[in-house]
Amino acid sequence: MQAPSVGGVLLPRGNGQVVRLSRGASLTDFAEKINANPASLVQVMLNLGEMVTATQSVSDSTLELLAGEMNYVLEIVSPEEEDRELLESFSIEFGEDEGGEESLVSRPPVVTVMGHVDHGKTRLLDAIRKTNVVAGEAGGITQHIGAYQVATEVNGEERAITFIDTPGHEAFTAMRARGAKSTDIAILVVAANDGVMPQTIEALNHAKAADVPIVVAVNKIDVEGADPTKVRGQLTEFGLVAEEYGGDTMFVDISAKQGLHIDSLLEAVILTADASLDLRANPEQDAQGIAIEAHLDKGRGATATVLVQRGTLRVGDTMVVGDAYGRVRAMLDDQGNTLDEAGPSTPVQVLGLTNVPGAGDNFIVVDEDRTARQIAEKRAARERNVRFARKGVRFSLENLDEALKAGLVQELNLIIKGDASGSVEALESSLLQLDVGEEVDIRVLHRGVGAVTESDIDLATGSDAIVIGFNVRAAGRAAQMAEREGVDVRYYSVIYQAIEEIEAALKGMLKPEYEEVELGTAEIREVFRSSKLGNIAGVLVRSGEVRRNTKARLLRDGKVIAENLNIEGLRRFKDDVTDIREGYEGGINLGNYNDIKIDDVIATYEMREKPRG
């Protein structure tokens, strides 16, 4: 097979050579890797039936198509790998403690509370922190991720435990997965009256995938119908065998509502950590960790809750969190107290970032503001490329016109704004997973943290998008502008409601499906010839009714001999009528169709829209 040539110029053939590209790369990036002219790759894509510009971010499948055509093996670099390579270029190693064994000191365990919705995760955290989170939650569902540190006494020694509070709704699956990755131990909450439920298994799988030890909190032991033994039996099937049954998983029966045995649960966490984990970190190095949550505060600007995993974070440090960076102006603990420094396993809220990072983004402390800016800008550019590559549905040149003309593809464009990046990300991921058939596509044009602004309305106006505000409202003149431009802005405070309404809107965009409904049949008893109207059938209506201006087909000896006819005229005696019912006689005019005989049957029907399930 010859190498592809464009304009007589032979392009380099890969012979199975590996080309590494990041997600959302362009043809120019590909051309640089193989020493080719980007314009020639544009031509190759054109020959393959795809119109792509040289600098446009393209999808993985497009890059694979091009690589296959030129006999290269494409390797898409994962975002984590790319990030590691980026940090290495600045001589930064993320995820490793500096120094030897002597530099490491003990740190508190980081715990995630997981389990099925309504099994009492938030109530348990309330009981642990002696505060009430539920009161401020819409619909009693935890909407954000927070982090809290508590102290407990074990064997006469005071020990700290850090809790990451992950939301319970299934839409936060991805967030919970991240929560598990930043976690040392998972507490699996199972209600004693309900037993193991679908989300219990899902949470368990996340914890197992992250290779995290599990402590089971059997909650609601004070409720009627509670059966803690049944829970132990059910979880045995999933590989969690209680210590009393000879296994190595600690089960603690609790009542979060009554505050029963909470101390025993915290002790179980510490004992599990001591038995199966070596929790140590170097507090002397530059701080590194993960962003648990981030939002835009009216008075404070962009704030992020970060969990320090190694090193010590201090006020005045320059940090990079995802694609945000800045100098730490202030740090607050979960009680709102200001801190000067935060060591390993300490969750703090950080003020002073340029913009709102994403939940799950890693953070590092660097020496110079310039380095921080460069890392943040490269991360932002990478994220932008990935977003552009995902944009819209791709067509080949052959079917693009047909698809547009036939209206085969419809899109619902969305702009999502929320109070916290975790909520926005979870809502976006849930909406993109909605499946209402292939005809309708959903596109998130923009997502962000903070109030709905005039620029959001501008974007919505130009792209016929719907704006979703999750726990935020329109700021300044944005509301009047939306009204003036006719932009649909919807506000939600509970994630279920947003998903349900958008799903309904998507179903409404689907082309209606029609089904045929038989109206009636008429047997031809006589054929009358009219010079003006052609042949007229004298009929007896055998079933249902025959109505004027409905569709009909003609049957002869049980076989259809004519389709798509119209009942253009109906008469009873000398009067024009709109319908003739079963058992009555009358005359039917089928318009220009005259091939009718005695004993033929006229079957009438109409097309009715089918309701979508």
Side-chain angles (χ1 to χ4, degrees), residues 20-33 38 53-60 63 76-95 178 286-296 300-306 311 313 316-329 350-391 416-417 420-422 424-425 428 444-450 453 455-456 459:
R20 293 177 87 240
L21 287 170
S22 57
R23 190 156 276 130
S26 65
L27 299 192
T28 302
D29 298 328
F30 197 122
E32 277 175 19
K33 295 277 184 183
T53 64
T55 53
Q56 173 188 338
S57 291
V58 290
S59 66
D60 296 357
L63 291 171
I76 298 290
V77 183
S78 71
E80 293 78 18
E81 207 177 332
E82 201 178 342
D83 203 52
R84 191 164 58 249
E85 288 172 10
L86 170 64
L87 295 179
E88 278 172 8
S89 68
F90 288 94
S91 303
I92 298 167
E93 284 189 20
F94 181 80
R178 281 178 176 177
D286 286 337
Q288 296 182 353
I290 192 167
I292 302 297
E293 181 50 293
H295 66 277
L296 200 59
R300 295 170 172 166
T303 68
T305 303
V306 299
L313 184 62
D317 281 349
T318 298
M319 69 189 301
V320 189
V321 191
D323 62 357
Y325 67 97
R327 195 167 283 228
V328 180
R329 279 208 322 265
V350 173
L351 278 63
L353 297 174
T354 49
N355 56 297
V356 181
D361 285 347
N362 63 49
F363 85 79
I364 49 170
V365 166
V366 294
D367 295 335
E368 294 180 25
D369 292 359
R370 189 165 56 93
T371 308
R373 191 177 67 250
Q374 286 172 340
I375 294 171
E377 282 171 357
K378 287 191 174 175
R379 281 175 169 175
R382 183 183 68 213
E383 184 58 37
R384 202 162 47 242
N385 287 345
V386 171
R387 202 172 286 277
F388 280 137
R390 278 202 213 115
K391 256 180 159 181
I416 303 175
K417 295 299 287 282
S421 57
V424 173
E425 186 179 317
E428 180 187 28
V444 177
L445 298 180
H446 172 63
R447 63 169 193 186
V449 175
T453 62
S455 65
D456 295 327
L459 179 57

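Nothing fancy with the numbering, it's 1 onward along the sequence.
A distance of 9.5 Å separates CG in Asn355 from CG in Leu296, rounded to the nearest 0.5 Å. Expressed to the nearest 0.5 Å, how far OG1 of Thr55 lies from CG of Asp29 amounts to 9.5 Å. Between atom CZ of residue Arg370 and atom OH of residue Tyr325 there is a gap of 12.5 Å, rounded to the nearest 0.5 Å. Interatomic distance, Glu293 CD to Glu425 CD, rounded to the nearest 0.5 Å: 9.5 Å. In this structure, OG on Ser57 lies 13.0 Å from CZ on Arg382, to the nearest 0.5 angstrom. Within the model, atoms CG of Leu445 and CG of Leu459 stand 5.5 Å from one another, a figure rounded to the nearest 0.5 Å.
Ile375 places a side-chain heavy atom less than 4.5 Å from the side chain of Ile92. Side-chain contact between Asp367 and Asp286 is present, with heavy atoms from C-beta onward closer than 4.5 Å. The closest side-chain heavy-atom distance from Arg23 to Asp60 is below 4.5 Å. Using a 4.5 Å heavy-atom cutoff, the side chains of Arg379 and Val320 are in contact. Residues Leu63 and Val58 form a side-chain contact, since some pair of their non-hydrogen atoms from C-beta on lies under 4.5 Å apart. Side-chain atoms of Val350 and Val321, non-hydrogen and from C-beta on, never get closer than 4.5 Å to each other.
Taking Asp317 as the reference, nothing meets the side chain to side chain donor-acceptor pair (under 3.5 Å) condition, with sequence neighbours excluded. Residues satisfying the salt bridge (charged side-chain N to carboxylate O under 4.0 Å, His left out) criterion with Arg373, sequence neighbours excluded, are Glu377. For the side-chain contact (heavy atoms from CB on, under 4.5 Å) test, residues two or more places apart in sequence or in another chain that qualify with Lys378 are Leu86.
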Begin from the C-alpha positions of Phe30 and Leu21 and carry the test side-chain contact (heavy atoms from CB on, under 4.5 Å) through to its verdict. CA-CA 7 Å; Phe30 197 122; Leu21 287 170; 3.6 Å; yes

Please determine whether side-chain contact (heavy atoms from CB on, under 4.5 Å) holds for the pair Val366 and Phe90, giving the CA-CA distance in whole Å, both sets of side-chain angles, and the decisive distance to 0.1 Å. CA-CA 10 Å; Val366 294; Phe90 288 94; over 6 Å; no

Assess whether side-chain contact (heavy atoms from CB on, under 4.5 Å) is satisfied between Leu353 and Met319, documenting all intermediate values. CA-CA 8 Å; Leu353 297 174; Met319 69 189 301; 4.1 Å; yes

Verdict with supporting geometry, Val424 and Ser421, side-chain contact (heavy atoms from CB on, under 4.5 Å): CA-CA 5 Å; Val424 173; Ser421 57; 5.5 Å; no

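Within 6.0 Å of CD on Glu93 lie no more than 12 heavy atoms contributed by other residues, nucleotides or ligands.
Here the closest heavy-atom approach between residue Arg20 and residue Lys33 is recorded as O-CE, 3.1 Å. Taking each heavy atom of Phe363 and Ile290 in turn, the nearest pair found is CD2-N, 3.5 Å. Contact record, Pro357 with Ala294: O-CB, 3.5 Å, taken as the closest heavy-atom pair.
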